[in-house]
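Let me begin by presenting the structure, written as structure tokens, before commenting on it.
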Amino acid sequence: MSKFRINPDLVLKEKVNWEVLQKLRPVQIHPITVKHWSLGGNSGWMGTSTTTIRTCPDGVGQFQHFVHGSIYYHPSHGAHEVHGSIKARWKSLGWERSVLGYPITDETKTPDGIGRFNHFQRGSIYWSPSSGAWEVHGAIRSKYSSLGWERSFLRYPLTNETTTPDGIGRFNHFQGGSIYWTPSTGAHEVHGAIRAHWKSLGWERSSLGYPTSDERVVFGGDGRISDFQGGSIYWSPTLGTRVLTEKVKIHVKILTNPTGFTLNEQFAAMQEVFAVAGIRVDWVTTENLSLPTLNDVDVGGCTMGSVSSEQTSLFSNRNFVGNKEMVVYYVRSTVPAYNGCASHPSNRPGCVVVRNSSRWTLAHEFGHILGIHHVNNNDRLMTGNGTFNITNPPPNLTNTESRKLRNSSLSIKL
Ligand SMILES: [Zn+2]
């Protein structure tokens with residue numbers, strides 16, 4: 001009669017351990033049947049079979065359909081069930097002959113407790129009540145995994161992996177953002193206000209092209225940046241989004257560590273105000289210098305184009321500093337006492353900033369280096385009354401000042 005020598009319903013009813021039974025009376029039962037039993041057999045949620053066990057069209061594995069699902073068997077991965085919306089998605093992609101291959105898990109509850117997934121040989125299908133079932137695979141799936149799957153800000157996929165309109169890349173949209181991939185850029189996430197701005201410009205067909213980084217925190221502050229092939233998008237709670245098309249490269253050399261605002265706070269402040277001009281601030285290297293005789297550096301009148309012998313000596317320290325790159329020297333004090341001073345020897349662009357400077361001194365001095373001058377207005381970065389007196393952080397840059405900064409020979413096209 002049946003090919004089964006043991007009644008599966010009896011096995012379940014008597015709670016006989018199948019593995020123990022196999023040792024006592026080894027019999028050949030197909031792994032698909034064993035899986036069906038483990039799910040409750042004919043009286044379980046899968047119900048009765050609607051087909052016999054058949055070889056898959058790819059000739060490698062076997063399958064059997066049931067009233068409420070299917071079980072697929074692969075010699076290397078064993079037998080696993082698929083059902084419901086996930087099964088429907090897998091079917092729509094072409095079953096085991098799809099990009100996903102065979103299931104390597106049963107349908108499983110996600111760690112967030114909301115959704116369900118099956119992993120397959122070469123990808124996954126994720127389902128939740130609000131998103132439906134969609135596949136992720138390859139480098140995009142690896143990125144999704146590295147961010148923490150559905151528990152990341154991305155939550156659940158809203159599309160299959162899809163070719164971009166320009167025909168070069170691939171993407172999945174998710175509830176909380178997107179992952180974009182190309183062979184040359186790899187896979188990167190983009191989300192939130194930065195994604196909305198990129199979308200408004202035309203996604204990858206905009207001048208920005210594809211993302212080349214995930215979104216990152218700007219110098220430990222509130223700002224965020226995503227890099228793209230043709231520039232960056234900056235966001236901060238105060239400014240909103242700005243497209244950055246230029247960069248400045250800055251090296252830090254420390255004679256005395258800052259005692260007030262940290263380097264991160266000063267660089268974050270500089271990035272926020274320079275974002276108005278469309279300029280990204282890249283902090284390239286940091287070096288400690290032991291130069292006690294230059295720690296209270298004589299800056300003379302601190303006028304552009306005129307430097308003291310101590311400034312000449314200090315600014316000769318340019319380890320690691322390339323062409324069009326600049327240096328900020330952190331010192332104990334200047335003589336006479338200023339927050340900072342941007343006068344520098346020709347062809348050695350840089351400035352000094354004192355250890356107890358204001359939050360905005362760094363940005364102000366680089367403003368000078370890039371060619372903008374003092375104004376008598378404490379709402380603006382270039383106030384000549386001292387940046388401690390700035391009244392509306394982040395301080396204003398006018399359009400003219402922004403244009404001058406962008407057009408400086410020390411601004412580098414992104
Ligand atoms: Zn100044």
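Remember, it's 1-based here, ligands and their atoms both numbered in the order they're listed.
- Partners of E246 according to the salt bridge (Lys or Arg N to Asp or Glu O under 4.0 Å) rule, which considers only residues two or more places apart in sequence or in another chain, do not exist here.
- In this structure, F219 and W283 have tilted ring planes: the angle between them lies in the 30° to 60° band.
- Here N347 pairs with nothing under the side-chain hydrogen bond (donor to acceptor under 3.5 Å, both in side chains) rule; sequence neighbours left out.
- Counting only residues at least two apart or on different chains, the side-chain hydrogen bond (donor to acceptor under 3.5 Å, both in side chains) pairs with a member in residues 140-149 are H119-R141, S124-R141, K143-D214.
- For the pair F66/T48, no side-chain contact is recorded, criterion being any heavy-atom separation below 4.5 Å from C-beta on.
- For the Zn ion (ligand 1), the count of nearby protein N, O or S atoms, meaning those under 2.8 Å away, is 3.
- In this structure, C341 and C302 have their SG atoms less than 2.5 Å from one another.
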